[in-house]
Amino acid sequence: MDRRALVGGNWKMHLDAATAAALGRDIAASAASVAARIDMAIFPPYPYLGAVVEAIQGRIAVGGQDVAAEAEGAFTGQVSASMLRDCGCTTTLVGHSERRHGLGETNQLLARKVRQAIDGRLRVLLCVGETLEDREAGQTREVVLGQLEGSLEGISTDDMAMVDLAYEPIWAIGTGRTAGPAEAQEVHEVLRSAVGVRYDARSAARIRIVYGGSVKPSNVADLMACEDVDGALVGGASLQAGSFIEIARATAGLE
Ligand code: 13P
């Protein structure tokens, strides 16, 4: 099965209102030829979603960096799936390592977020990834599979049509250190076959598994050449329209 590549830009807690809108406009201005070939999405900070959605004009997807584990209620500071939809989002990140490790979000909690996103008609980009300590202890496989299984608790085969995965080794995020193509491919293959075992062959063939961690225009081509790498989730290099578009173009096979 041919998988349509996906390139996401995670803006994290960067930019201000004016620069976020300007970045959205700059991306929209050059995204058309690329977005015809691959899927693109950006994940701005919550307060700027409305302005960025307006700037993007439907050219690419806009998503939340997180979503609440509940549909509505007394959950101060949280943003629900339906609120994200109201703001024009069609997708959301779930389980980014800065939330798993930085904020202590558990697999159990993340499974509820995945459920809420899907019920709210948002696509999910579910992130998994090991620490340097895990990797050096030879635990990469166990760790990412544990995250995958735990975060997909209660998610059915039909639900999986709404889910993509991001493999983001924590030691490669914001460090300038990227997993080599062989290291990335090895984990992506493990994840894809785990989806096949847990769900079915069709889900495994269909699910997109993107790589994140210091992806740059200079290293993207080698990563995309890997059979099981279906795109990229970009942090730092997504904060400039030029480098983000360059990464997307390389992923789309454009010069
Ligand atoms: P960097 O590209 O800055 O390493 O960030 C990766 C990331 O965490 C994307 O979600």
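Along the sequence shown, residues carry numbers from 1. Below, each value reflects all heavy atoms present in this structure, side chains not excepted, and no hydrogens, waters or symmetry copies. All of these numbers come straight from a predicted model, not from anything done at the bench. Atoms within a ligand are numbered from 1 in the order they appear, just like the ligands themselves.
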**Q** Using a 4.0 Å cut-off to any heavy atom of G174, which atoms of ligand 1 qualify?
**A** 1 (P), 3 (O), 4 (O)
**Q** Below 4.0 angstrom, N of the basic side chain to O of the carboxylate: do E130 and R135 qualify?
**A** yes
**Q** Taking a cutoff of less than 4.0 Å between a non-hydrogen atom of the residue and any ligand atom, is K216 in contact with ligand 1?
**A** no
**Q** Side chain of T106, backbone of L109: donor and acceptor closer than 3.5 Å?
**A** yes
**Q** Hey, is the main chain of Q116 close enough, under 3.5 Å, to the side chain of D119 for a donor-acceptor pair?
**A** no
**Q** If you draw a 6.0 Å radius around CD in E142, do more than 12 non-hydrogen atoms from other residues or ligands fall strictly inside?
**A** yes
**Q** List, by chain and then residue number, the residues other than L132 in its hydrophobic cluster (Ile/Leu/Val/Met/Phe/Trp/Tyr, side-chain heavy atoms under 4.5 Å); write none if there are no others.
**A** W171
**Q** Checking a contact table here: which protein heavy atom is nearest atom 7 (C) of ligand 1, and how many Å away?
**A** E168 OE2, 3.2 Å
**Q** Has D134 got a side-chain atom pairing as donor or acceptor with T131's backbone, closer than 3.5 angstrom?
**A** yes
**Q** So, for A241 and D26, which heavy atoms are closest and what is the spacing to 0.1 Å?
**A** CB-CB, 3.5 Å
**Q** Please could you name the atoms of ligand 1 that K12 approaches to less than 4.0 Å, counting only its heavy atoms?
**A** 5 (O), 6 (C), 7 (C), 8 (O)
**Q** I'd like to check whether V234 has a polar contact with ligand 1, where a contact means an N/O of the residue lying under 3.5 Å from an N/O of the ligand.
**A** no
**Q** Which one holds for I173 and ligand 1: side chain close, backbone close, both close, or neither close, with close meaning a heavy atom under 4.0 Å?
**A** both
**Q** Please say whether G212 places an N or O atom under 3.5 Å from an N or O atom belonging to ligand 1.
**A** no
**Q** For atom 3 (O) of ligand 1, what is the closest protein heavy atom, and at what distance to 0.1 Å?
**A** G236 N, 2.8 Å
**Q** Measure from atom 6 (C) of ligand 1 to every heavy atom in G9, G235, A172 and give the option owning the shortest one.
**A** G235
**Q** May I ask you to decide if I118's main-chain N or O and R123's side chain share a donor-acceptor pair within less than 3.5 Å?
**A** no
**Q** Does ligand 1 have an atom under 4.0 Å from some heavy atom of G213?
**A** yes
**Q** Using a 4.0 Å cut-off to any heavy atom of L233, which atoms of ligand 1 qualify?
**A** 9 (C), 10 (O)
**Q** Say whether S214, considering both its backbone and side-chain N or O atoms, lies within less than 3.5 Å of an N or O atom on ligand 1.
**A** yes
